[in-house]
There are 2 protein chains.
Amino acid sequence: MRLVIAHCSVDYVGRLKAHLPLATRLLLVKADGSVLVHSDGGSYKPLNWMSPPATLRVSSPDEVDLELGVVEQWTVQSAKTDDRLIINIHDKISESSHDLGVDPGLIKDGVEADLQRLLAEQIETLGQGYSLIRREYFTAIGPVDILARDADGATVAIELKRRGDIDGVEQLTRYLELLNRDPLLAPVRGIFAAQQIKPQAKVLANDRGIDCVTLDYDAMRGVDDIESRLF
Amino acid sequence: MRLVIAHCSVDYVGRLKAHLPLATRLLLVKADGSVLVHSDGGSYKPLNWMSPPATLRVSSPDEVDLELGVVEQWTVQSAKTDDRLIINIHDKISESSHDLGVDPGLIKDGVEADLQRLLAEQIETLGQGYSLIRREYFTAIGPVDILARDADGATVAIELKRRGDIDGVEQLTRYLELLNRDPLLAPVRGIFAAQQIKPQAKVLANDRGIDCVTLDYDAMRGVDDIESRLF
DNA sequence: GAATGCATGTCGTGC
DNA sequence: GCACGACGTGCATTC
């Protein structure tokens, strides 16, 4: 990994065009040829960047750029697409290089998969007498998160989200349309379950006869812990 | 901006939990208190991070951590949420600090707004005799990108995307449903226009009687340039 | 401040 | 390789 603090201007040409006027920034060159241009603010997204795989070519400025004060020009070319990043360096303030090695990678807990596992285990959260048919019930247009049976024996398709917005309702609607064509399953009801459901999503869901359930992940995890302790 | 190369482990607790085992990484501390943890790979997304505003507190390790080889512990606390990043530093390999100043920011060209402006100006791209009614035609469920009239005087709702996938078709479908309830506008046809349209989106659109148009942004910009030169 | 939609989204996963 | 869905999505804009 190479770290350069430089006074520079940057141009990106590819899916769109973007220009960064002259200022002091961090240029981060990774081992795979990718480059990040960071300012001292914003969030984790760089001002400009090139995704790997890419190659960095360093060249001398032409006469016009030299006149403008450019001392070095970097051309970062994507290996897969014709995206390109051109960095005109006017002043190199600092430079260092470090061998980091390969990273062991990130371990996560609490993503949708965990939420799905918990809800499948605690399916009665949705109502008394509910029973699980299966998780990740595969259909031609994608997997239904959870398929269950309610107290009356009717099939229920459950779409699970951390944040419930309109897209999730559309997704569930497509599944319901398909599932209701299957005489073995029909009629199939829908439940839209999320940690938080947006008003418009709720309106659309209700309009389509889909029930909305707000989930409390911490409570569900709590129940899970208690159950784990009991057995 | 502070740059630290360190042998460290990282834990994130907040919307979910995440753990990074001991390895050598770049720790980037920005002026607003945000912190990025980068490895020498991946793309622009850090392995772990804390968004601004945040505060970094440096403390000595407790006995247990000291025993494990921790020489310094960083606690990065989000100012707005209860998200927290804990970085256990086992070895500080390099450290530097730089004053970058405020960045003038990015100038973009070619985003959806530009595409929309161009298509509105060159509405006949869609067919002879087309005329613009208006851009951003507002409805109760959101703005229709472009509303136009075709050669026969029929109303046409146009949904514009850089990349056309199934979501865009769903969005346009909702608009069409609503617009067709308005007797002053009905019947309203739909056109799904994008620089690239995915096969599944095309199938869904055709199934719903929506026409698909692939846009050539460079050509449209070219026409724009020529027109600008003429006037 | 909440909600809505775009993004050079990126990233994993299944076919 | 392509397509789809999640993401600690982030982020600007609008109401």
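Letters A, B, ... mirror the listed sequences (proteins, then strands); counts begin at 1.
A heavy-atom distance below 4.0 Å to DNA chain C is reached by these residues of residues 49-59 of chain A, ordered by number: A/Trp49, A/Ser51. Contacts between residues 32-40 of chain B and DNA chain D, defined by a heavy-atom separation below 4.0 Å, involve no residue at all.
Heavy atoms of A/Pro199 sit under 4.0 angstrom from primed sugar atoms or phosphate atoms, though from no base atom. Residue contacts shown for B/Asp165 are absent, as no nucleic acid heavy atom lies under 4.0 Å away. Counting non-hydrogen atoms under 4.0 angstrom, A/Lys108 reaches the backbone sugars and phosphates but no base. Contact annotation for B/Tyr12: base contact, defined as any heavy-atom pair under 4.0 Å involving a base atom.
If you measure from atom CD of B/Gln196 to atom C1' of D/dG1, you get 14 Å, rounded to the nearest angstrom. Separating the CD atom of B/Gln116 from the P atom of C/dA7 is a distance of 11 Å, rounded to the nearest angstrom. Note: CZ (A/Arg15) to P (C/dG9) measures 4 Å, nearest angstrom. In this structure, B/Phe138 atom CZ and C/dT4 atom P are separated by 10 Å, rounded to whole Å. For the pair A/Leu115 CG and D/dG8 P, the interatomic distance rounds to 13 Å; values are reported in whole Å. At whole-Å resolution of the value, CG in B/Asp114 and P in C/dT8 are 11 Å apart. At whole-Å resolution of the value, CG in A/Leu47 and C1' in C/dA7 are 15 Å apart. Atom NZ in B/Lys45 sits about 16 Å away from atom P in C/dT8, given to the nearest Å.
Distance noted for atom P between C/dT8 and D/dG5: 22 Å (whole Å). Annotation: C/dT4 and D/dG8 have their P atoms spaced 22 Å apart (nearest Å).
Looking at heavy atoms from C-beta onward, A/Arg208 lies in side-chain contact with A/Leu204 at the 4.5 angstrom threshold. With a 4.5 Å cut-off on side-chain heavy atoms, A/Val4 and A/Lys92 count as touching. B/Pro53 is listed as a side-chain neighbour of B/Lys80, based on a closest heavy-atom distance under 4.5 Å.
Of the charged side-chain nitrogens involved, none lies within less than 4.0 Å of a carboxylate oxygen, so that A/Arg134 and A/Glu136 do not count as a salt-bridged pair. A salt bridge does not link B/Glu170 with B/Arg174: none of the charged nitrogens is closer than 4.0 Å to a carboxylate oxygen. We find that B/Asp109 and B/Arg221 are joined by a salt bridge, their nearest charged nitrogen and carboxylate oxygen being less than 4.0 Å apart.
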Taking only Watson-Crick and G-U wobble pairs with both distances under 3.5 Å, what dot-bracket line describes DNA chain D, where [ ] shows pairs that cross earlier ones and | shows pairs with another strand? |||||||.|||||||
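Between the side chain of A/Gln122 and the backbone N or O of A/Met220, at least one donor-acceptor pair lies under 3.5 Å.
Comparing B/Arg163 and B/Glu159, the nucleotide of DNA chain C nearest to each residue sits closer to the 5' end for B/Glu159. Closest-nucleotide positions on DNA chain D for B/Asp83 and A/Lys80 were compared, and the one nearer the 5' end corresponds to A/Lys80.
Residue B/Gln171 places its side chain closer to C/dG5 than to any other of C/dG5, C/dT8, D/dC15. Proximity note for B/Lys161 (side chain, C-beta onward) versus D/dG8, C/dC6, C/dT8: the nearest is C/dC6. Taking only side-chain atoms of B/Tyr175, from C-beta outward, the nucleotide of D/dC4, C/dT8, C/dG5 with the closest atom is C/dG5.
A side-chain contact (heavy atoms from CB on, under 4.5 Å) with B/Tyr137 holds for exactly one of B/Ile146, B/Leu179, B/Asp145; it is B/Leu179.
Side-chain contact of A/Arg135 with A/Gln116: a donor-acceptor pair under 3.5 Å is present, judged by distance alone. Judged purely by distance below 3.5 Å, without hydrogens or angles, the side chains of A/Lys30 and B/His38 pair a donor atom with an acceptor atom. For the residue pair B/Lys161/B/Gln195, the side-chain donor-acceptor check at 3.5 Å is not satisfied.
Contact annotation: A/Lys198 side-chain N/O to C/dA2 OP1/OP2 distance is not under 4.0 Å.
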